[in-house]
Each structure stands twice: as structure tokens, then as C-alpha cells.
Amino acid sequence: MLRLRKYKTSDAQVITKWLKNEYAFRQWSANRYESYPITADDMNQYYSQYDDDALYILTAIDENKITGHITIRFIDDTRKIARLGFVIVDDSKRGKGYGKLLVSSALNYTFNELKADKVTLGVFENNDPAVHCYQSCGFKIVKKEIIESYQCMGETWNCIEMEVSR
């Protein structure tokens, strides 16, 4: 049974260990961090710049073990459109449905507790497992006039915009 709880600074020691290589790290973080690998202190320092009501930083727990991590932030003044970010599951549990459980739990929280009407996210087009996971949770690809791109590892990585409504 997966449950979400508020992130604790001590969680970063576990979460940062799931990022085994720079490619996976950049798929997870784009350019939000300057260098790989990041430390628990790097992660906590990044999150410390946000107020509690500006960014909901959550940790997923299964059988009292940290198994996932996700953030939720509102991207409009009416707090009706939320955006998921930093979605990650323990690398030893990938491919076992934990990603779908994590995202589904975050959607439930966002729609039912935070009362959002729509949830969006961006995912790199080179991350097929994540795209499939999000689609299995009800997300649809949204065509954008301007495609968001990042320079990662000497390449241009394009984002796919996805959303799901209540």
C-alpha cells in the first residue's frame, strides 16, 4: 500500500541514491541542478527556496520504506491548475507498477485535497517508460506551438507536454 507524506530533509539521502547515472539524472531534473551527482544537501537546498504552499514536496512510502518522490505546484493564481515534477521511483522497484501508483496517488491528492481541476507535467520525449506511465494514469499529450527544449549532455532534449483533467 503506497501512501504519500510530506517530504523530510532526511529523505534526500535515499532519493539521491536512485540516480545511478547522469542520463537518468537529467531525465529526472533537466537543468534544475548544475552538476551530477547531487547530494542530499543539494536537494534540500534546492527545495529550501520554496514556501510550503508554493511547492508540495512529497515522499511515497511502501511498507515503511521510501519508494518514491514527487512534487506538486500550482501554475495559476486561482490554484486550479497544478503541475507534477521531480517524479521518481526507487530504481530497484521500476517496472513493477510503483510509478503508476505514485502518480495516481499524487493525482488523487491534487484533485481531492488540493481541489485542482487540471494537472500538467512535462516529460522528455526520450523517456518512453515515463510517457507510458503517465498515459496509463490518464494523461494525454498536448500539442504546443512552442516546444520546450533543454540542452542536456551535449544534446537538445524536447519535452512532451501532458495533462489530465478532473
Side-chain angles (χ1 to χ4, degrees), residues 2-61 65-91 98-99 102-103 105-127 130 133-134 137 139 142 144 146-164:
L2 194 73
R3 69 179 176 84
L4 295 176
R5 67 153 166 78
K6 187 176 178 181
Y7 170 86
K8 300 175 185 176
T9 56
S10 61
D11 296 345
Q13 294 173 8
V14 175
I15 296 163
T16 55
K17 289 186 181 5
W18 299 338
L19 301 160
K20 301 283 196 242
N21 60 63
E22 188 171 3
Y23 191 84
F25 169 71
R26 293 294 171 201
Q27 282 184 317
W28 173 72
S29 68
N31 64 356
R32 301 302 190 268
Y33 294 93
E34 285 186 32
S35 61
Y36 172 82
I38 61 167
T39 65
D41 287 341
D42 294 332
M43 181 179 248
N44 288 323
Q45 183 177 2
Y46 180 84
Y47 287 146
S48 71
Q49 65 186 316
Y50 293 96
D51 296 328
D52 283 346
D53 64 342
L55 184 69
Y56 297 84
I57 310 166
L58 303 170
T59 299
I61 304 295
K65 293 183 181 174
I66 298 172
T67 57
H69 174 68
I70 197 165
T71 63
I72 304 165
R73 65 183 168 90
F74 285 100
I75 59 174
D76 69 323
D77 292 336
T78 64
R79 297 179 61 91
K80 292 298 180 186
I81 303 172
R83 189 160 183 90
L84 301 184
F86 290 111
V87 181
I88 191 168
V89 171
D90 178 341
D91 60 307
Y98 281 88
L102 172 62
V103 173
S105 296
L107 286 174
N108 183 53
Y109 179 77
T110 306
F111 287 135
N112 296 321
E113 300 297 322
L114 301 178
K115 305 298 184 197
D117 291 331
K118 183 177 10 178
V119 178
T120 69
L121 59 80
V123 60
F124 286 121
E125 63 187 9
N126 64 1
N127 195 344
C133 174
Y134 301 140
C137 293
F139 280 88
V142 177
K144 300 286 265 189
I146 299 172
I147 296 173
E148 187 177 351
S149 298
Y150 292 85
Q151 292 301 309
C152 294
M153 303 182 69
E155 301 173 344
T156 300
W157 290 6
N158 294 325
C159 283
I160 297 171
E161 185 70 18
M162 302 183 83
E163 66 181 39
V164 62

Separation between CG (Leu102) and OG1 (Thr59), nearest 0.5 Å, reads 10.0 Å
Going by heavy atoms in the side chains, are Glu161 and Thr120 under 4.5 Å from each other?
yes
If every non-hydrogen atom of Ala60 is compared with every non-hydrogen atom of Leu2, which pair is closest and at what distance?
CB-CD1, 3.8 Å
Check this for me: does any side-chain nitrogen of one of Lys144 and Glu148 sit under 4.0 Å from a carboxylate oxygen of the other?
no
Ignoring hydrogens and angles, state whether a donor on the side chain of Tyr7 or Asn44 is under 3.5 Å from an acceptor on the partner side chain.
yes
So, Asn108 versus Ser105: side-chain donor-acceptor pair below 3.5 Å or not?
no
Nearest-0.5 Å distance, CZ of residue Arg83 to CG of residue Leu121:
6.5 Å
Which heavy atom in His69 sits nearest to a heavy atom in Trp28, and how many Å separate them?
CD2-CZ2, 4.3 Å
Please round to the nearest 0.5 Å and tell me the distance separating atom CG of Leu107 and atom OH of Tyr134.
10.5 Å
Surrounding CD of Gln13 (heavy atoms of other residues, nucleotides or ligands, distance under 6.0 Å), is the total greater than 12?
no
So how far is it from Lys115 NZ to Lys80 NZ, rounded to the nearest 0.5 Å?
8.5 Å
Is any side-chain N of the basic residue among Arg5 and Asp11 closer than 4.0 Å to the acidic one's carboxylate O?
yes
Apply side-chain contact (heavy atoms from CB on, under 4.5 Å) to Thr16 and Thr39, showing your working.
CA-CA 6 Å; Thr16 55; Thr39 65; over 6 Å; no
Specify the closest pair of heavy atoms between Cys159 and Ile147, including all atoms of both residues, with the distance to one decimal.
O-CG2, 3.8 Å
In short, Tyr47 meets Leu55 closest at the heavy-atom pair CD2-CD2, 3.9 Å
In sequence, state the C-alpha distance, the side-chain angles, and the governing distance for Trp157 and Phe124, and then conclude on ring-ring contact (aromatic ring centres under 6.0 Å, His included).
CA-CA 6 Å; Trp157 290 6; Phe124 286 121; 5.1 Å; yes
Hey, what do you get for CE (Met43) to OG (Ser29), rounding to the nearest 0.5 Å?
9.0 Å
When you look at Phe86 and Tyr46, which way does the ring-ring contact (aromatic ring centres under 6.0 Å, His included) test go after all the steps?
CA-CA 12 Å; Phe86 290 111; Tyr46 180 84; 5.6 Å; yes
How about Asn158 and Ser149: does a side-chain donor come under 3.5 Å of a side-chain acceptor?
yes
Nearest heavy-atom approach of Val164 to Phe111 is O-CZ, 3.8 Å
Asp76 versus Thr78, side-chain donor and acceptor atoms under 3.5 Å
yes
Step through the shown structure and confirm whether more than 12 heavy atoms of other residues, nucleotides or ligands are within 6.0 Å of CD on Glu34.
no
Tyr33-Arg26 side chain donor-acceptor pair, cut-off 3.5 Å
no
Tyr56 side chain reached by Thr71 side chain, heavy atoms, under 4.5 Å:
no
side-chain contact (heavy atoms from CB on, under 4.5 Å) between Val123 and Phe139, worked out
CA-CA 11 Å; Val123 60; Phe139 280 88; over 6 Å; no
Residues Ile70 and Ala106: closest non-hydrogen pair is CD1-CB, 3.6 Å
Derivation of the side-chain contact (heavy atoms from CB on, under 4.5 Å) call for Leu114 and Phe74
CA-CA 10 Å; Leu114 301 178; Phe74 285 100; 3.8 Å; yes
Under the 3.5 angstrom rule, does the side chain of Tyr36 hit a backbone N or O of Leu19 as a donor-acceptor pair?
yes
For Val103 and Leu84, what are the C-alpha separation, side-chain angles and deciding distance, and is it a side-chain contact (heavy atoms from CB on, under 4.5 Å)?
CA-CA 9 Å; Val103 173; Leu84 301 184; 4.3 Å; yes
Between Asn31 and Gln151, does the side-chain hydrogen bond (donor to acceptor under 3.5 Å, both in side chains) criterion hold? Intermediate values first, please.
CA-CA 8 Å; Asn31 64 356; Gln151 292 301 309; over 6 Å; no
Do Ile66 and Asp90 have side chains that get closer than 4.5 Å, going by heavy atoms?
no
Please round to the nearest 0.5 Å and tell me the distance separating atom CD1 of Ile72 and atom OG1 of Thr110.
3.0 Å
Tyr23 backbone acceptor or donor facing Asn21 side chain under 3.5 Å:
yes
